[in-house]
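Contents: one structure, followed by commentary.
Just so you know, these numbers use all the heavy atoms, side chains as well, and skip hydrogens, waters and symmetry mates. Letters A, B, ... mirror the listed sequences (proteins, then strands); counts begin at 1.
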Amino acid sequence: MKEILTENLNPPQMEAVRRTEGPLIIFAGAGTGKTKVITHRIAYLLSLGVAPRSILAVTFTNKAAAEMKKRVIDLVSQRYHDIWISTFHSFCAHFLHFEASKINLDPNFLIYDFADQKNVVKDCIKELNIDEKNFRVSTIVNKISRAKDDLKFPSDMASEAEQLGDSFGITTSKIYELYQKKLKKAGAFDFGDLIMQTVTSLRQLPKMLEYYQEKLKYIMVDEYQDTNRAQYTLIKLLAAKHRNICVVGDDDQSVYSWRGADINNILDFNKDYPNAKSVKLEENYRSTPKILSTAYQVVKHNNARVDKQLWTKNPNSGSVIVLKAANENDEATKVVDLILLNAYKCKLSNFAVFYRTNAQSRTFEEAFRRVGIPYAIIGTLQFYERAEIKDIIAYLKLIHNPNDNVSFKRIINIPKRGIGKTSIGTLEKFAFLKNISIWDAIPFAAQAGLTKGAVNALNSFKQFIKTFLGSKDDISVKIISEKVINHSGYLKELEIENTPESKTKIENIQELVSAIGDFENRSPDKSLAGYLTQIALISDTDSLDESKDKVTLMTLHLAKGLEFEHVFICGLEEGLFPIGEYAFNNEELEEERRLMYVGMTRAKKHLYLCWAEERNVHGKTRWNMPSRFIVEAGFNHVLDETEQKLSSNKKNLQAKTFYKNTDNDNSDYNIAKDEAFLNIEDANPYKIGTVVLHPVFGKGKIIEQSGTGNNLKLIILFENGQWKKLLAKIANLTFI
DNA sequence: TAGCCCGGCGTTTTT
DNA sequence: CGCCGGGCTA
């Protein structure tokens, strides 16, 4: 058994599997068989006689957890199904649920998602009379979430802000404090709370901590580079006794710092565990040598990284190509053309288009529609984020817990019951003063001054919800949901609307009902509470349905972990990718670069780097320089040629559409002539060579101009070596 | 109360 | 340009 488990592994993989005792860090580069190592390691532990219940493996996504579970079970036998393989969040949710009585908690807690959080923060801002203009709701939610990622309580945020004299932080800490009170009242945790509360409880209850430390003898963490402070602390606490902690990750693929992930957790692993063994998996089974070396050229520009270089036995075929477009439509057209050119030899599901921002997807969507190529946009609006789904879920949440004000407010007037903003505002204020939930305030609606119509509507709504309250634990979630949909008037309103949109909504609701049916067939805990917990923790990024033959479109962030024959990385322009208007700080730039690296290493055979000279952003045209990442990838001539073109200013300078990096296929794709830069003589003060002062970028020299009048565009080389394309009219330049 | 209009704003989002 | 949210009006 032990031999069988390790015989298909390469030497470092084998070492990683066999090193079961003591701290171990596995640097697992893209496509190096990371999941294989983790699953084999679990199987190997079991073969050594380790009890399944002593093993904990944590991942970030449900998809990864499911995949891991499946592969472990494939390797060993079914009877080992009770190994704890789950996401951080579901581990903590289970922990809190299980230990609820010991930590003085209602085990039926709700889990609030981002939208719920925003609603609560909105209420807090109103209640505290804070000027909404200066405190944007999503900014506050993010700040609160970051604080939780760092295990900071409102008081911590307050004292930190006071020390810095940061008035924004002080106000945010007040919002945070009230926010926590509201969540507590509603019996809800947000995602950050799940982790933070678990850590806090374990810290406060040494006996309980000891129990878990003893129980979980072997701990594995996947995607360790993406852990935040709270997750890091959780693992450190749990592993402190046996110290059999194995972390797997790739610092080069750390792209979530903006969500609290700290790349130093992986880079400093050896500081936390000085005797840690380190294994590097560098043999790549996915990509061609060309792709790997090109990706390495880019990522090696980063300083904050452990040096490692992927290599492969794969044959040197395929290509890495730069694709230059005149504008975003041209970019999409060229991508579509190339897919059509190559589609005869492979399936559409072998193609993926990556972009930095969701807004870029529209152009591609239009282009794909135009030629009738099936496509799937991943991640724009997830199933459980759709309004109609959230509405039905809100009904279920309210049935589960009528004190859930967020859900109450969401559906009180959906379908329309004639209870508008004013009524609900009045009732809410009343509830607030009496320190009760809105639900409990309904009997006082008339007293609170609501109109007769509103009072009646509220009462019949209450009656409707009440019909479920007594029996919610006895009838199935599916039946509850069907009753809600049919008897609340929700479905009827959609049917009457009878638009394409409303029809889609009805379909989605039907899909939800069948998903609930699935839940009841699968889940051991079939209660309404169990269902709500489950859906709160799942997203459907795994809705990537590989059975359908479609081109995949997604942001680079979502691409991590996936692979495709043909990968198009689009919008490779300064300011878009790397993103940002002004100069980066180096950390941010390095993260952008890692994102580029992630994108590039998704490609198995063909990698296309696309950029457009001109792009419509927020309704305005922007002129972009090619991304430094294209240059770093070794295509210096893209920049050289652009600069040359800018400085020589010759009409009809010939520009090759593709800059080939291999001698292989696609050489038949034709070269487009480019006339983007015309030589316009024009009486204006912005002569080429003039030195100007820009309020943000400082001193610079005009090296190019195009357009006339209001449309006069200048390309200015600034002192720090950056060049920017600016519209003369709005650039606010002064002559010096 | 509900629907319309206008102004502001505009990365990425595993749970 | 297109979305969202707030405020105004029928």
Side-chain angles (χ1 to χ4, degrees), chain A residues 58-66 86-93 111-118 122 126 132-133 136-139 141-142 145-146 148-149 189-195 222-223 225-228 230-231 253-261 328 354-360 362-363 378-382 384-385 413 416-425 450-451 453-454 457 533-542 554-562 571 575-581 584 588 591-592 594-596 598-599 615-622:
Chain A
V58 245
T59 65
F60 278 83
T61 65
N62 292 295
K63 196 181 168 191
S86 73
T87 64
F88 271 102
H89 294 272
S90 95
F91 170 84
C92 292
I111 297 170
Y112 274 8
D113 64 14
F114 184 60
D116 298 327
Q117 296 183 58
K118 280 195 288 191
K122 215 179 281 169
K126 256 185 221 147
E132 288 178 55
K133 285 217 172 72
R136 275 226 321 290
V137 171
S138 59
T139 313
V141 173
N142 282 328
S145 300
R146 288 302 76 73
K148 291 180 180 183
D149 290 342
F189 283 134
D190 62 24
F191 291 127
D193 283 331
L194 293 174
I195 318 275
D222 189 17
E223 305 276 15
Q225 77 282 355
D226 288 334
T227 49
N228 59 37
Q231 290 157 336
Q253 294 186 65
S254 161
V255 292
Y256 283 106
S257 74
W258 49 277
R259 287 192 62 165
E328 73 275 11
F354 302 153
Y355 34 78
R356 181 65 238 267
T357 65
N358 281 310
Q360 287 164 260
R362 240 202 24 224
T363 324
I378 310 294
T380 30
L381 193 57
Q382 310 216 341
Y384 286 96
E385 282 168 12
N413 206 28
K416 288 181 188 65
R417 298 185 173 90
I419 306 168
K421 276 181 277 192
T422 339
S423 295
I424 213 61
L450 270 70
T451 63
T533 303
Q534 197 221 243
I535 55 151
L537 293 173
I538 61 161
S539 79
D540 56 345
T541 316
D542 30 345
M554 60 173 107
T555 62
L556 284 139
H557 281 89
L558 290 180
K560 200 160 75 166
L562 305 174
L576 183 58
F577 190 26
I579 204 164
E581 284 296 317
F584 287 90
E588 284 169 342
E591 181 147 319
E592 293 291 306
R594 290 192 292 268
L595 194 56
M596 177 69 182
V598 166
R615 183 177 294 274
N616 212 294
V617 183
H618 308 322
K620 281 179 189 143
T621 306
R622 288 191 15 178

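- B:dT12 has its base anti relative to the sugar, with a glycosidic angle deviating from 0 by more than 90°.
- Of the listed nucleotides (B:dA2, B:dT11, B:dT14), B:dA2 has the atom at the smallest distance from the side chain of A:Lys416.
- Partner A:Cys92 forms a side chain to side chain contact (heavy atoms under 4.5 Å, CB included) with one of A:Asp193, A:Val58, A:Leu194 and no other, that one being A:Leu194.
- Counting to the nearest Å, the P atom of B:dT11 and the CZ atom of A:Phe114 are 13 Å from each other.
- One can place CE of A:Met554 at 13 Å from C1' of B:dT14, the figure rounded to the nearest angstrom.
- Dashed line: the shortest gap from a side-chain N or O of A:Asn62 to OP1 or OP2 of B:dT14 is not under 4.0 Å.
- Contacts of A:Asp113 with the nucleic acid, taken as non-hydrogen atoms under 4.0 Å apart, are absent.
- Residue A:Arg417 is out of contact with every strand shown, counting any heavy-atom pair closer than 4.0 Å.
- Contact check, A:Asn228 against B:dT14: no side-chain N or O comes under 4.0 Å of OP1 or OP2.
- Comparing atom distances between the A:Leu558 side chain and each of B:dA2, B:dT12, B:dT14 picks out B:dT14 as nearest.
- Taking only side-chain nitrogens and oxygens, A:Thr87 never comes nearer than 4.0 Å to OP1 or OP2 of B:dT15.
- A donor atom on one side chain and an acceptor atom on the other are not found under 3.5 Å apart for A:Thr363 and A:Glu328.
- Close to B:dT1, at under 4.0 Å from its OP1 or OP2, lies a side-chain N or O of A:Ser423.
- Judged by atom type and distance alone, A:Arg259 reaches the base of B:dT15 through a side-chain donor-acceptor pair under 3.5 Å.
- Ring-centre distance between A:Tyr256 and A:His557: below the 6.0 Å cut-off.
- Residue A:Tyr256 has its side chain nearest to B:dT13 when only B:dT13, B:dA2, B:dT15 are considered.
- Salt bridge status for A:Asp113 with A:Lys118: absent, with no side-chain N to carboxylate O gap under 4.0 Å.
- To the nearest angstrom, P of B:dT11 lies 14 Å from CD of A:Glu588.
- Side-chain atoms of A:Asn413 come within 3.5 Å of backbone atoms of A:Gly418 as a donor-acceptor pair (strictly under, hydrogens ignored).
- With respect to A:Asp149 and A:Arg259, no salt bridge is recorded, no charged nitrogen being found less than 4.0 Å from a carboxylate O.
- When the side-chain nitrogen and oxygen atoms of A:Asn358 are compared with OP1 and OP2 of B:dT13, one or more of them lie within a distance under 4.0 Å.
- Qualifying side-chain contact (heavy atoms from CB on, under 4.5 Å) partners for A:Asn142, counting only residues two or more places apart in sequence or in other chains: A:Phe114, A:Arg146.
- Here A:Trp258 lies parallel enough and close enough to stack on the base of B:dT12, with planes under 30° and ring centres under 5.5 Å apart.
- When the C1' atom of B:dT12 is taken as reference, atom CD of A:Gln360 falls 11 Å away, rounded to whole Å.
- Taking the ring centroids of A:Tyr112 and A:Phe189, they lie at or beyond the 6.0 Å cut-off.
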query = What is the per-nucleotide protein-contact pattern of nucleotides 1-10 of chain C, from the 5' end, where B denotes a base atom under 4.0 Å from a protein heavy atom, S denotes such proximity for sugar-phosphate atoms only, and - denotes neither?
reply = BS---S----

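- In the set B:dA2, B:dT15, B:dG10, B:dT15 carries the atom at the smallest distance from any side-chain atom of A:Phe191.
- The same atom, P, is picked in B:dT13 and in C:dC4; the two are 16 Å apart, to the nearest Å.
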